[in-house]
Amino acid sequence: VRGKDSVDEEMLDDLEELLVTSDVGVKTTVDIIRQVEDRVSRDKFVSIDDLNTLIKDEITSLLLSDNPTQPIDFDAPLPNSPHVIMVVGVNGVGKTTTIGKLASRYKAAGKSVMLGAADTFRAAATEQLDIWAERADVPITKQGHGADPAAVAYDTIAAAKSRNIDVVLIDTAGRLHTKGGLMDELTKIKRVMDKQVVGAPHEVLLVLDASTGQNAIRQAQEFTNAVDVTGLVLTKLDGTAKGGIVIGISNEFRIPVKYIGVGEGIEDLQLFDRPRFVGALFG
Amino acid sequence: SLSEKLEGALQSLSGQGRITELNIAESMREIRRALLDADVNYQVAKDFTDRIKEQVLGQDVINAVSPGQLLVKIVYDELVHFLGETQQDITFSQNPPTVILIAGLQGSGKTTFAGKLANHFKGKGRSPMLAAADVYRPAAVDQLKTLADSIEVPVYSLEENGQIVQDPVRIAREAVKAAREQARDILIIDTAGRLHVDDKMMTEVADIKSAVSPDEILFVVDAMTGQDAVNTAVEFNQRLNFDGVVLTKLDGDTRGGAALSIRTVVEKPIKFASTGEKLDALTPFYPERMAQRILG
Ligand SMILES: Nc1nc2c(ncn2[C@@H]2O[C@H](COP(=O)(O)OP(=O)(O)OP(=O)(O)O)[C@@H](O)[C@H]2O)c(=O)[nH]1
Ligand SMILES: Nc1nc2c(ncn2[C@@H]2O[C@H](COP(=O)(O)OP(=O)(O)OP(=O)(O)O)[C@@H](O)[C@H]2O)c(=O)[nH]1
Ligand SMILES: [Mg+2]
Ligand SMILES: [Mg+2]
C-alpha cells in the first residue's frame, strides 16, 4: 500500500482550529503542525488513524513526563523528611483548594501532613485553609492576619520537623506575576524555608486555571524566575476549557504537569495522565 | 510590534498599484495572529479580520505615507468600535433597594468586586448593603464580612444553629427584606462561583433571579480568560440575560482579548474594570485603553 506523504490543507486548517481553540496558542500550534508535516513526509501515513496517532504523539512529546525527585503517586516514598511543597500562582486559580485535596490524598496514603497558612493578606484566607485542614483532618500552622508570610512558612516547617511530619504544604497569597514586590516576597519566603530545612521547598507547584489564555506563559516565566517552579497543577478542568496552555509551557520551561483539578470537592484531584489529556483535546 | 510587521508585509506592495485580496493576505494573517495571541476567540478573530479586509480593499492604503501605521489605525478604530462605549450606569429601581446580582465562574473576582461596588456607591453618598449568598465556598461569608467591615457596609447573612443556611434563594429574598427594613437603597448579592455546564448551579442562580427580580445583573469575568470566554458568557447570558460585564485582574499584563470576544458575541456592555485587590481599585471600562492592550 502506498503511504501518503503530505497532509491536505483542509486537515491542517482543522487541526489549527482545534489546537488554537484549546488555548494551545499560535506559536506552539505552528510548531506542532510543522513537526507533523515533517514526520508525514518522512514516515508517510496510510490511514487517518495513523495520522491521528502521529499528531497525538507529537503533542504528547511536548508534555514533560514526571520527575523522580518529585513523585506524583501519593504512596511513593518521599525523598525528604519533611517533604516541603510550596503552592504558588496568580489570584483565584485554586491554590488553597488544591492544598486541601493534596493533604487529603497524602493522608489517605498513610503519610502525616501539615498545612502552612502563609497567605496572611487576603480576607479570610486563613479561615478558608483552616476549614480544609479540618476536612482533611490534618494540623495547620497559622498566625494572625498581616503576619509575615515567610515567618509562617518557617514556623510551619519547624513545627513539622519537631513532630516528624512527612509532608508540608505551604499556601501562599495569590499574586499577579507583574508585581515585582510581591514576586520578591515569594523569593524571600522560599529562601527562608531553606534556612529551616536545607533544600526546602523540595517542590514548587504553580497552579494554573485551565480557562487561562496565553497569559499563562507569562505567569510560568515570572514564577519560575522568582521561585523555580518544579510542577504544574491545572485546575477547573471540569469546565469546558481544554487547558492547552500547559503544552507550550511544559515544553518551553521543562516543567511537568503533576495534577489536575476537576471540581470543588476534596476528592476532585487526579494525577496528570498524558495520553488521556491529549485524547481529551480531540474531544 | 504589529505596526512593524504590517509595514514589512505591505512594503512589497508599493509599486504594485492597487490592493488585491492576494497581496493583502499576509497582512491579514498578521492581524489575525495578533488577535489570537491576545486571546481573542478564534471565530471572532476570523470575522474581525474579514471586516478589516473589506475596509482595506475599499481604501487606498498602499499610497499612504505609512501603510503599516494606517492599517494598525484601521484595526484600532474597529476594536474601539466593537468594544462599545464607556458606560457604567446601573439601572436604579423606583422602589429601593436597587437589587444587583453578581454572578460568574469560580475565582473570577465576584466577592472582591461586590465589596468594590459597595465602596463605589458609598463614595457616591448611597447606602449599600451586601448579601452573602455563597453557601458553598469555605469561609466565603467570612470573606465578604471582612471586606464589608473594612468599609463599614452592613452584610446580610443567614445562619441557624451556627451553620450557614444552605438556601441561597432564601438568603437573597431575606436580604431584600432586610435592606428594605434598614432603609438601604442598594443591595448587592454575592453568589458562589459556578460552571456554566453545572445545570444544578445554573438553575440555582436563575432561581435567585426569579425570586428577587434584580434591577441589574453583572457577569464577572477574569481578563486572562482564553478561548473558553465565549462559551461561558453565552451560557450565563442565556440563563440570566445579564445587563453588563465586569472584567477583573486588569492590573496584570494579560492582553484581554476575552473582552472583545464577549462583547461581540453576547452584545452586552462591559461596565467596570477591576484593577487590583484593594476595594478602591475599580474603574469604568475604557474601550480605547482595552483596544490598545489587545493590539499589544
Ligand atoms: N470547578 C472547579 N472549581 C475549582 C477547582 N479548584 C478550585 N476551584 C474553585 O475556585 C475558586 C478559587 O479557589 P481558591 O482555592 O480560593 O483559589 P486560590 O488560588 O487559593 O485563590 P487566592 O488565594 O484568592 O489567590 C473556589 O471557588 C474553588 O472552589 C476545580 O478544579 N474545579
Ligand atoms: N490583582 C487582582 N486581584 C483581584 C482582582 N479582583 C479580585 N482579585 C483577587 O482574585 C482572587 C479571587 O477573588 P474572589 O473575590 O475571591 O473571587 P470569587 O469570584 O468571589 O471566587 P469564588 O467565590 O470562589 O468563585 C482574590 O485573591 C482576590 O483578591 C483584581 O482586579 N486584581
Ligand atoms: Mg488561596
Ligand atoms: Mg466569592
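Being a predicted model, the structure only gives us computed values, none of them experimental.
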- Query: What closest approach, in Å, do Ala123(A) and Leu147(B) show between heavy atoms, and which atom pair accounts for it?
  - Reply: CB-CD2, 4.0 Å
- Message: As an exercise, state the distance from CZ of Arg137(B) to CD1 of Ile131(A), rounded to the nearest 0.5 Å.
- Response: 10.0 Å
- Item | Minimal non-hydrogen separation, Tyr42(B) against Thr21(A), with atom names | CB-CG2, 3.4 Å
- Of the listed residues (Gly256(B), Ser108(B), Pro138(B)), which shares the most heavy-atom pairs with chain A below a 4.5 Å separation? Pro138(B)
- How about Arg239(B): does its CZ atom have over 12 heavy atoms from other parts shown lying under 6.0 Å from it? yes
- Message: If I take atom CG from residue Asp228(B) and atom CG from residue Asp23(A), how far apart are they, to the nearest 0.5 angstrom?
- Response: 7.5 Å
- Message: Please give me the minimum heavy-atom distance between Met224(B) and Asn215(A), naming the atom from each residue.
- Response: CB-CB, 4.3 Å
- Message: Counting heavy-atom pairs closer than 4.5 Å to chain B, which one of Thr235(A), Val93(A), Asp238(A) comes out on top?
- Response: Asp238(A)
- Lys268(B) NZ: over 12 foreign heavy atoms closer than 6.0 Å: yes
- Task: Determine the option with the most heavy-atom pairs under 4.5 angstrom with chain B, choosing from Glu127(A), Lys242(A), Gln214(A).
- Result: Gln214(A)
- Query: What part of Glu17(A) gets closer than 4.5 Å to chain B, counting heavy atoms only: side chain, backbone, both or neither?
  - Reply: both
- Gln143(B) versus Arg122(A): any side-chain heavy-atom pair under 4.5 Å? yes
- Nearest 0.5 Å, what's the CG-CD distance between Asp253(B) and Gln219(A)? 8.5 Å
- Side chain, backbone, both or neither: which part of Asp130(A) has an atom under 4.5 Å from a heavy atom of chain B? neither
- Query: Which atom pair, heavy atoms only, marks the closest approach of Ala124(A) to Ala139(B)?
  - Reply: CB-O, 3.9 Å
- Query: If you measure from the Lys or Arg side-chain nitrogens to the Asp or Glu carboxylate oxygens, is any gap between Arg32(B) and Glu16(A) under 4.0 Å?
  - Reply: yes
- Item | chain A contacts, top residue of Leu144(B), Leu195(B), Asp39(B) (heavy-atom pairs, under 4.5 Å) | Asp39(B)
- Proximity breakdown for Lys27(A) and chain B, heavy-atom pairs closer than 4.5 Å: both
- Message: If I measure from the heavy atoms of chain B, does Glu264(A) come under 4.5 Å with its side chain, its backbone, both, or neither?
- Response: side chain
- Task: Select, from Arg33(B), His196(B), Arg255(B), Gln43(B), the one with the greatest count of heavy-atom pairs under 4.5 Å involving chain A.
- Result: Arg33(B)
- chain A contact via Gln106(B) - which portion, at a heavy-atom distance below 4.5 Å: both
- Over 12 foreign heavy atoms within 6.0 Å of CD, Glu159(B): yes
- Message: Counting only heavy atoms not in Lys188(A) (residues, nucleotides, ligands), do more than 12 fall under 6.0 Å from its NZ?
- Response: no
- Message: Less than 4.5 Å to any heavy atom of chain A: does that hold for the side chain of Asp251(B), its backbone, both, or neither?
- Response: both
- For His145(A), is it the side chain, the backbone, both or neither that has a heavy atom under 4.5 Å from a heavy atom of chain B? neither
- Going through the checks in order, is the side chain to side chain contact (heavy atoms under 4.5 Å, CB included) test met by Glu277(B) and Arg175(A)? CA-CA 9 Å; Glu277(B) 292 195 69; Arg175(A) 68 202 67 223; 5.6 Å; no
- Residue part contacting chain A, namely of Asp142(B), when any heavy atom lies under 4.5 Å: both
